Structures are given as C-alpha cells and as structure tokens.
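One structure below.
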Amino acid sequence: MTKLSDTQSVTEGKLTRVEHEGKTLLLTRVGDDYYAIENSCPHLGLPMAHGEVRDGAITCPFHGSRFDVCTGANLDWVNGVAGIKTPKWTHKLIALGKKPAPIQTRKLTVDGDALMLP
C-alpha cells in the first residue's frame, strides 16, 4: 500500500492533486469514503483537475461528461464545450465518434489519518 495524502488535506466537493508513479491522481471525499481519480477524461484524455465535484460525481471541465466518483461509471457523455452546455443535436458531433466510457477511480483505505492506495 502507498500513502497518497492525509485525511485533513482531502475534502468533499474539492479535488486534491497528487503524483503517483508518474501519473497525476485527483483525490476527493464522498461521505466518509475517499477516492483517487485518474486525471484524464476518457473522451479525449484532457485533464479533469479543474472539474466540478458535486453529489458524488465529477464533471469534465472541457466537454461536460459526468462520472460517478465511487464507481467511475459514466453518468452523462459529452454535452458541451469549455463548460458551456450545447444543444442536444451537437452532442454526437462533439463526441467525435467516441462512445461513453468510465473514468478510472479507486477507493482509498484510511490508516489513522493516512490515505492509502491499496
């Protein structure tokens, strides 16, 4: 197991950026649980670090795709550009032929005040 951060540094509704094995991970809390999300949207690989976290979901700041923080499941696929919602008829164009995909997320283990990646 690898320590990524401490519990005081990670809050609900916010993202904490950490580096682990050459990748940027985003840490957040949902209720009493903590998660590490890969900093890469599966749509075009753009960073999620400035995404909004609300009600257990993270929204890509570039194209509006939403993902469940706990499971990684795609909740809404490409629906805007640069944070601005677009008409539904444009969504397939913006998706560039890419199908909805989950985001990589992992639940962290709490050891005292340390957040550990199992």
Side-chain angles (χ1 to χ4, degrees):
M1 293 210 308
T2 305
K3 180 180 177 180
L4 295 180
S5 187
D6 56 71
T7 56
Q8 295 82 13
S9 299
V10 180
T11 58
E12 194 155 4
K14 303 274 187 214
L15 295 169
T16 301
R17 183 188 289 201
V18 298
E19 296 297 321
H20 174 67
E21 295 181 352
K23 289 186 178 182
T24 301
L25 299 177
L26 306 172
L27 310 183
T28 193
R29 190 179 89 207
V30 177
D32 293 331
D33 297 320
Y34 296 85
Y35 295 89
I37 306 161
E38 192 171 303
N39 186 30
S40 178
C41 180
H43 174 229
L44 294 177
L46 296 170
M48 298 286 287
H50 295 290
E52 180 180 353
V53 179
R54 183 183 298 162
D55 299 326
I58 184 169
T59 302
C60 176
F62 295 98
H63 298 114
S65 297
R66 286 182 57 240
F67 305 91
D68 185 303
V69 169
C70 305
T71 66
N74 176 258
L75 303 173
D76 190 13
W77 192 240
V78 183
N79 63 27
V81 175
I84 300 168
K85 289 226 178 227
T86 59
K88 191 164 182 79
W89 65 268
T90 65
H91 295 183
K92 284 189 178 183
L93 293 170
I94 299 167
L96 301 172
K98 296 207 173 196
K99 303 278 186 216
I103 196 167
Q104 298 297 314
T105 185
R106 293 184 58 192
K107 187 174 181 183
L108 301 176
T109 302
V110 178
D111 184 8
D113 74 339
L115 295 175
M116 309 294 287
L117 185 64

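Keep in mind the model is a prediction, meaning the values are calculated, not measured.
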Quiz item: Who passes side-chain hydrogen bond (donor to acceptor under 3.5 Å, both in side chains) against Ser9, sequence neighbours left out?
Solution: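 Per chain and number, Ser9 pairs via side-chain hydrogen bond (donor to acceptor under 3.5 Å, both in side chains) with Asp6.
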Is any side-chain heavy atom of [Y] closer than 4.5 Å to one of [X]?
| X | Y | value |
| --- | --- | --- |
| Leu117 | Arg106 | yes |
| Leu27 | Leu15 | no |
| Lys14 | Thr28 | no |
| Thr24 | Val18 | no |

Self-check item: Phe67 to Asn74 - nearest heavy-atom pair and separation
Solution: CE2-ND2, 3.4 Å
Self-check item: Heavy-atom closest contact (Asp68 atom, Thr105 atom, distance)
Solution: O-CG2, 4.5 Å
Reported [atom1]-to-[atom2] distance for the pair [X] and [Y], which is rounded to 0.5 angstrom:
| X | Y | atom1 | atom2 | result |
| --- | --- | --- | --- | --- |
| Arg66 | Trp77 | CZ | CH2 | 14.0 Å |
| Cys60 | Asp76 | SG | CG | 11.5 Å |
| Leu108 | Lys3 | CG | NZ | 12.5 Å |
| Lys107 | Thr71 | NZ | OG1 | 12.5 Å |

Taking [Y]'s backbone N and O only, do any of them form a donor-acceptor pair with [X]'s side chain (distance below 3.5 Å, no angle check)?
| X | Y | result |
| --- | --- | --- |
| Thr109 | Pro118 | no |
| Ser65 | Val78 | yes |
| Asp111 | Ala114 | no |

Self-check item: NZ/NE/NH1/NH2 to OD/OE distance under 4.0 Å, Glu21 and Lys23
Solution: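 Lys23 and Glu21: not salt-bridged.
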Quiz item: Hey, what else clusters with Met116 if you join Ile, Leu, Val, Met, Phe, Trp, Tyr whenever side-chain heavy atoms sit under 4.5 Å?
Solution: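 Met1, listed by chain and number.
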Side-chain donor-acceptor distances from residues 29-42 under 3.5 Å, at least two apart:
unit_1: Arg29; atom_1: NE; unit_2: Gly31; atom_2: O; d: 2.9
unit_1: Asn39; atom_1: OD1; unit_2: Met48; atom_2: N; d: 2.7
unit_1: Asn39; atom_1: OD1; unit_2: Ala49; atom_2: N; d: 2.8

Practice problem: Take atom CD of Glu12 as the centre, draw a 6.0 Å sphere, and report whether it contains more than 12 heavy atoms from other residues, nucleotides or ligands. | Solution: yes
Quiz item: Should we say atom NE2 of His50 is surrounded by more than 12 heavy atoms from elsewhere, each under 6.0 Å from it?
Solution: no
Quiz item: Passes side-chain hydrogen bond (donor to acceptor under 3.5 Å, both in side chains), Glu52 versus Thr59? Steps please.
Solution: CA-CA 5 Å; Glu52 180 180 353; Thr59 302; 5.5 Å; no
Practice problem: Using the side chain to side chain contact (heavy atoms under 4.5 Å, CB included) rule, take Thr16 and Leu26 through it: C-alpha gap first, then chi angles, then the decisive distance, then the call. | Solution: CA-CA 5 Å; Thr16 301; Leu26 306 172; over 6 Å; no
